[in-house]
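Heavy atoms only: backbone and side chains are in, while hydrogens, waters and symmetry mates are out.
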Amino acid sequence: MSDNDNKKPTGDSQTPPKGSPSETREAPGSTPKHPPAGAKLDTPPAAHSAPTGTPPPPAAKPAGPPPPKNPGFVTCTIDGKEVVVKPGTNMIEAARMVGSDIPYFCYHPRLSIAANCRMCMVEASNAPKLVPGCQTPLVEGQVIKTTTPKVKEQQRAVMEFLLLNHPVDCSICDQAGECKLQDYYMRYDYRPSRLEGGKVMKNKRKVLGPRVVLDQERCIICSRCVRFMNEIPKEPQLGIFGRGSHEVIDTFPGSELNSNYSLNTVDICPVGALLSRDFRFRARSWFLSAAPSVCTGCSRGCNTYADFMGQDTYRYRPRENEAVNKSWMCDHGRETYKGLNVGRVLSAVVGRQQGTTARPEVARKEAIQAAAKALSGVKGQVAVLASPVASNEDLLAALTFAKATLGAKEVYVGGRPQGQADHYLLTADRNPNRKGLELIAQGLGLALKPFEDLAKAMDGGKVKALYAVGTEVPGNLETFAAAAAKLDVFVAQATNESALTAQATVLLPASAHVEFDGSFVQVDGLIQRFRKAYPSKGDAVGHWALAAELTREMGGTAAWTSSREVFRELGKQVAGFTEFDWDKSAPPDREKPGINPLPTAADGRPPGYREFGAPRVRGL
């Protein structure tokens, strides 16, 4: 204890400020230097001899903040680079504009801000401590630094904390190659664990619902999935339960994750915690290639990526489009990829199915000749069935052939049967191109008639010949197939086998939409392009190519060699297609020339290594 500790405070530890009353006693009879307020002096001070003039101007008020450099916008500096953004833009999005990458886990541009992962902490000139980049708004003149030693140590510490109890099972994790933890570990941590003792054990296979399974040990409690279910489909089926190291994501007691949008939680999960039960353990992300496509599950036309390996599609993922589906898609649409892999019509067949004996397959050229010969004898008497599952290019070529060569004046509308719409994206119409069929029929001068009229005409014996572009029907398939068995001529172009294709006198294999370039018109009239993922399977070609072959075989002229040429030549007759630029409207299949990957998820997760176009080696 020092001597100063025993001294009592005297009040003299600080020098009195200038102008304050002095504590020094004045000599008797002297005039006080600082009289107390309100005191009157016996002798008033002498008047100044100077003449009275204009009073001095008042002191100027301190200047406020400078006006904004760009009125209506916020101008700030990030890592030495000036950026001009709209008010309310967060630091993560602003940093992207100048090429700075602020890491994050819990932030998602379409969800509310949680700021609970603390990975995006940065230095700001107007804050004494690090601030979360996702939550802190930008202000005029602010200086932000994202690469200082203080920021880097914060990122390393957060990564160490998140990985403390994380299981090291990357070798069997489906998220490997698309995982933020993997990439951020290599970039911001890259150190061995300092944990001494066992990790916290949780449920490794918690089934949340019919389509999603949760690995609670991998979860970092970013709350993205909880916020998504609360805010986008507005179906709060997930919650955070427990405290501390025992905190987990789970469904509420007595309920399950059965929303039609549950698989979106798998997309936005930054780690391998939420997994698709359908895709789980089926393929590695770095073996998959991605092609920009359009969902055919309903008339909404959600933009998607078709992830494929070889000539098999493994999953659909949402592709961002502000006008249609933003960053989401429904579970019903995701499951439609299965029809691309199984039950396909891969070879041409002539003759109906007889019992259980397999029909002999023939070369497509022979089947085209047989179909042309059969249709030539019933010109002007052929009923035409068109499916709104077919693309614009398919319908343009096929209906032009039906009108010019077969003499058709009306078209019966087939397609998948109606379903039940939901409250967000899924529509009741399960056909992706009904609007396109209507526009094309109107442009070609063909009348559209309901499917029920065709069924009645076939039952009554009025229709003896049928040319079908797609074999999806909105009525009872078995009943219609029984009626089709009585037809003298039934030429069908189909992608998938069914009871109806078994009754075709000539069956021609048609390509699915992921096997060629084309376009659809969705429910709101928006024309959307999709790209080819891989070559057609088997002997299949597009409906447009089959129509061209039939046209030439029957003496007509059809010089189209691609779906692009079909659209550019025949689309001129359709008023709704005249202003659509087929080439410029195609989604980019890569960011720049050469082999480089597309984003794997809607939030830009790193995709690993991928290859594009036709596979060089099947299965790789």
Side-chain angles (χ1 to χ4, degrees), residues 282-283 289 291 293 296 306-316 335-372 374 385 387 389-391 393-394 397-398 414 416 432 467-473 477 481 484 490-518 530-550 553 561-563 613-620:
R282 292 192 60 228
S289 300
S293 191
T296 60
D307 289 351
F308 64 95
M309 180 165 55
Q311 287 179 294
D312 289 321
T313 303
Y314 280 78
R315 64 180 178 181
Y316 282 158
E335 294 177 350
T336 57
Y337 81 90
K338 297 179 181 179
L340 305 176
N341 302 328
V342 296
R344 291 289 303 275
V345 177
L346 302 179
S347 301
V349 178
V350 176
R352 286 193 169 96
Q353 179 74 45
Q354 300 294 333
T356 58
T357 305
R359 290 187 290 179
E361 298 174 353
V362 300
R364 191 177 72 242
K365 183 176 181 181
E366 297 179 24
I368 290 291
Q369 293 173 348
L385 175 66
S387 171
V389 178
S391 70
E393 295 72 19
D394 291 335
R416 300 169 182 150
Y467 170 62
V469 184
T471 53
E472 300 87 4
V473 295
L477 182 62
F490 179 21
V491 177
Q493 301 177 181
T495 58
N496 291 83
E497 297 175 346
S498 66
L500 183 57
T501 60
Q503 303 305 323
T505 56
V506 179
L507 178 61
L508 302 174
S511 299
H513 74 287
V514 297
E515 297 170 346
F516 64 94
D517 291 329
F530 54 85
R531 284 192 177 272
K532 175 181 178 179
Y534 46 80
S536 297
K537 293 184 177 182
D539 206 18
V541 292
H543 287 291
W544 64 267
L546 295 173
E549 292 177 2
L550 287 170
E553 190 65 30
T561 59
S562 67
S563 54
R616 290 166 291 184
V617 181
R618 179 175 173 83
L620 295 179

Show, in sequence, the C-alpha distance, side-chain angles and deciding distance for Lys365 and Ile368, and conclude whether the side-chain contact (heavy atoms from CB on, under 4.5 Å) test is met. CA-CA 5 Å; Lys365 183 176 181 181; Ile368 290 291; 5.7 Å; no
Lys537/Asp312 salt bridge by N-O under 4.0 Å criterion: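 So Asp312 pairs with Lys537 through a salt bridge.
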Using every non-hydrogen atom in the two residues, find where [X] and [Y] come nearest and quote the distance to one decimal.
| X | Y | result |
| --- | --- | --- |
| Ser536 | Ser511 | OG-OG, 2.6 Å |
| Ala348 | Ala363 | CB-O, 4.2 Å |
| Glu515 | Pro535 | CG-O, 4.2 Å |
| Arg344 | Ala512 | NH2-N, 3.6 Å |
| Gly339 | Asn496 | O-ND2, 2.9 Å |
| Ala390 | Asp394 | CB-CB, 3.9 Å |

Let me see the working for Tyr534 and Thr313 under side-chain contact (heavy atoms from CB on, under 4.5 Å), right down to the final yes or no. CA-CA 9 Å; Tyr534 46 80; Thr313 303; 2.9 Å; yes
Verify side-chain contact (heavy atoms from CB on, under 4.5 Å) between Glu366 and Val350, making sure each step is shown before the conclusion. CA-CA 9 Å; Glu366 297 179 24; Val350 176; 6.0 Å; no
If you round to the nearest 0.5 Å, how far is [atom2] of [Y] from [atom1] of [X]?
| X | Y | atom1 | atom2 | answer |
| --- | --- | --- | --- | --- |
| Met309 | Tyr314 | CE | OH | 3.5 Å |
| Leu507 | Glu497 | CG | CD | 7.5 Å |
| Phe516 | Arg531 | CZ | CZ | 14.0 Å |
| Thr471 | Leu477 | OG1 | CG | 8.0 Å |

Backbone N/O of [Y] and side chain of [X]: donor-acceptor pair under 3.5 Å:
| X | Y | answer |
| --- | --- | --- |
| Arg364 | Pro509 | no |
| Gln369 | Glu553 | no |
| Asp539 | Leu346 | no |

Going by atom types alone, do Gln493 and Tyr467 pair a side-chain donor with an acceptor below 3.5 Å? yes
With distance as the sole criterion, is a donor-acceptor pair present between the side chains of Ser347 and Glu361 under 3.5 Å? yes
So, do [X] and [Y] sit near enough that their side-chain heavy atoms are less than 4.5 Å apart?
| X | Y | value |
| --- | --- | --- |
| Val473 | Leu385 | yes |
| Val514 | Tyr316 | yes |
| His513 | Ser391 | no |

Could you please spell out the steps behind the side-chain contact (heavy atoms from CB on, under 4.5 Å) verdict for Asp307 and Tyr337? CA-CA 10 Å; Asp307 289 351; Tyr337 81 90; over 6 Å; no
Ser387 and side chain to side chain donor-acceptor pair (under 3.5 Å): which partner among His543, Arg416, Glu472? Glu472
